[in-house]
Amino acid sequence: MRSPRPYSPLAGPGAQSLTERRKAATQLDIARAACELFAEHGPDGTTAEDIAHRAGVALRTFYRYFRNKQEAVAPLLAGGGDAWRALLAEEDPAAPLAESLERAVTRSLSDSQAVEEGLEVTRGLLRAAATDEALRAVWYRVNQDSEERLVPVIARLAGEDADPLGVRLLAAAATDAIRIALELWSTTEAPVSGPGSPPELAIRCLRDLTSAMPLLRKAKAAVPPSP
């Protein structure tokens, strides 16, 4: 049984050719195998050879796409951001930006059973990363990429007159809100919904991080306070 896609705030590639889609499918097969083996044996108990064998590819194919075993999880960590950015991009630019952000964050972290299953995989990966520096580096790089890719989405919603600095700061805050929420949640046994869950923690983080931002000040006035 293949592992579901874990959550992380990085979007995947756009339109692809058939060759690119085949390459992406191979990368995902390898990434799923890596997640399965890390969950079963931990990073120290898993080799690149193990991952290649589980994915059904040659070791040279593994190294064609990834420099090391930890790098192999990146395509799956990137998957959750596909939903996050797509949901945010669907928001109406005329709507209050604060509400749009909170709505997209909540939906992306709680929209389906597949998302909830992916969050549990993410929890296992983040726990493994606590003792594996290379795996942590992959997680941080994914988040950095996510922040950069989020900028144009927020810029469109904020409008042509929005301060570029404010847009960049908001992209960083939104990315960090999700990252911090997932990292904190992964250290607990809290469920995927309700108090202490990723969506609840992410909204709390988002509000705290953006409360003083001029770009959201007017919009946030219309958002009810956290319970």
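Nothing here was measured: the structure is a model prediction, and the numbers come from that model.
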Between atom [atom1] of [X] and atom [atom2] of [Y], what is the distance when rounded to the nearest 0.5 Å?
{"X": "L209", "Y": "R207", "atom1": "CG", "atom2": "CZ", "answer": "13.0 Å"}
{"X": "H41", "Y": "T46", "atom1": "NE2", "atom2": "OG1", "answer": "6.0 Å"}
{"X": "L77", "Y": "C35", "atom1": "CG", "atom2": "SG", "answer": "6.5 Å"}
{"X": "F62", "Y": "I30", "atom1": "CZ", "atom2": "CD1", "answer": "6.5 Å"}
{"X": "E36", "Y": "L76", "atom1": "CD", "atom2": "CG", "answer": "9.5 Å"}
{"X": "L126", "Y": "T187", "atom1": "CG", "atom2": "OG1", "answer": "10.0 Å"}

Stepwise side-chain contact (heavy atoms from CB on, under 4.5 Å) check, L150 with W84: CA-CA 10 Å; L150 191 58; W84 151 235; 3.8 Å; yes
For residues 127-137, the side-chain hydrogen bond (donor to acceptor under 3.5 Å, both in side chains) pairs (sequence neighbours left out) are Q70-D132, R127-E189
List in chain and number order the residues that pass side-chain contact (heavy atoms from CB on, under 4.5 Å) with [X], two or more places apart in sequence or in another chain; answer none if no residue qualifies.
{"X": "L201", "answer": "A181, L184, W185, R204"}
{"X": "A39", "answer": "none"}
{"X": "P199", "answer": "L109, S110, S197"}

Ionic contact status for E102 with R107, cut-off 4.0 Å: no
Please determine whether a side-chain nitrogen of the Lys or Arg among E20 and K23 lies less than 4.0 Å from a carboxylate oxygen of the Asp or Glu. no
Under 3.5 Å: donor-acceptor pair, side chain of [X], backbone of [Y]:
{"X": "T61", "Y": "V57", "answer": "no"}
{"X": "S100", "Y": "E91", "answer": "no"}
{"X": "K69", "Y": "A34", "answer": "no"}

Considering all heavy atoms of both residues, which atom of [X] and which atom of [Y] are nearest to each other, and what is their separation?
{"X": "I180", "Y": "C205", "result": "CG2-SG, 3.9 Å"}
{"X": "R54", "Y": "A33", "result": "CG-CB, 3.6 Å"}
{"X": "A174", "Y": "L206", "result": "CA-CD1, 3.9 Å"}
{"X": "A190", "Y": "R123", "result": "O-NH1, 3.0 Å"}
{"X": "L215", "Y": "A158", "result": "CD1-CB, 4.3 Å"}

For the residue pair [X] and [Y], establish whether any side-chain heavy-atom pair is separated by less than 4.5 Å.
{"X": "P214", "Y": "D163", "value": "no"}
{"X": "D92", "Y": "L157", "value": "no"}
{"X": "V105", "Y": "I178", "value": "yes"}
{"X": "R103", "Y": "E90", "value": "no"}

Intermediate values then yes/no, side-chain contact (heavy atoms from CB on, under 4.5 Å), L170 and L101: CA-CA 10 Å; L170 186 54; L101 283 167; 3.8 Å; yes
Among the clusters formed by ILVMFWY side chains lying less than 4.5 Å apart, do L88 and V151 turn up in the same one? yes
Restricting to salt bridge (Lys or Arg N to Asp or Glu O under 4.0 Å), what partner residues turn up for E183, sequence neighbours left out? R179
Could you work out, with salt bridge (Lys or Arg N to Asp or Glu O under 4.0 Å) as the rule, every residue matching R60, not counting sequence neighbours? none
R168 atom CZ, neighbour heavy-atom count above 12 within 6.0 Å: no
Stepwise, does the side chain to side chain donor-acceptor pair (under 3.5 Å) test hold for D50 with T47? CA-CA 5 Å; D50 295 332; T47 66; 3.0 Å; yes
Given side-chain contact (heavy atoms from CB on, under 4.5 Å), test T210 with L169 step by step and report yes or no. CA-CA 9 Å; T210 63; L169 288 173; over 6 Å; no
Can W139 and L135 be said to form a side-chain contact (heavy atoms from CB on, under 4.5 Å), step by step? CA-CA 6 Å; W139 169 248; L135 196 55; over 6 Å; no
Among E71, E147, E148, which residue satisfies the salt bridge (Lys or Arg N to Asp or Glu O under 4.0 Å) criterion with R141? E71
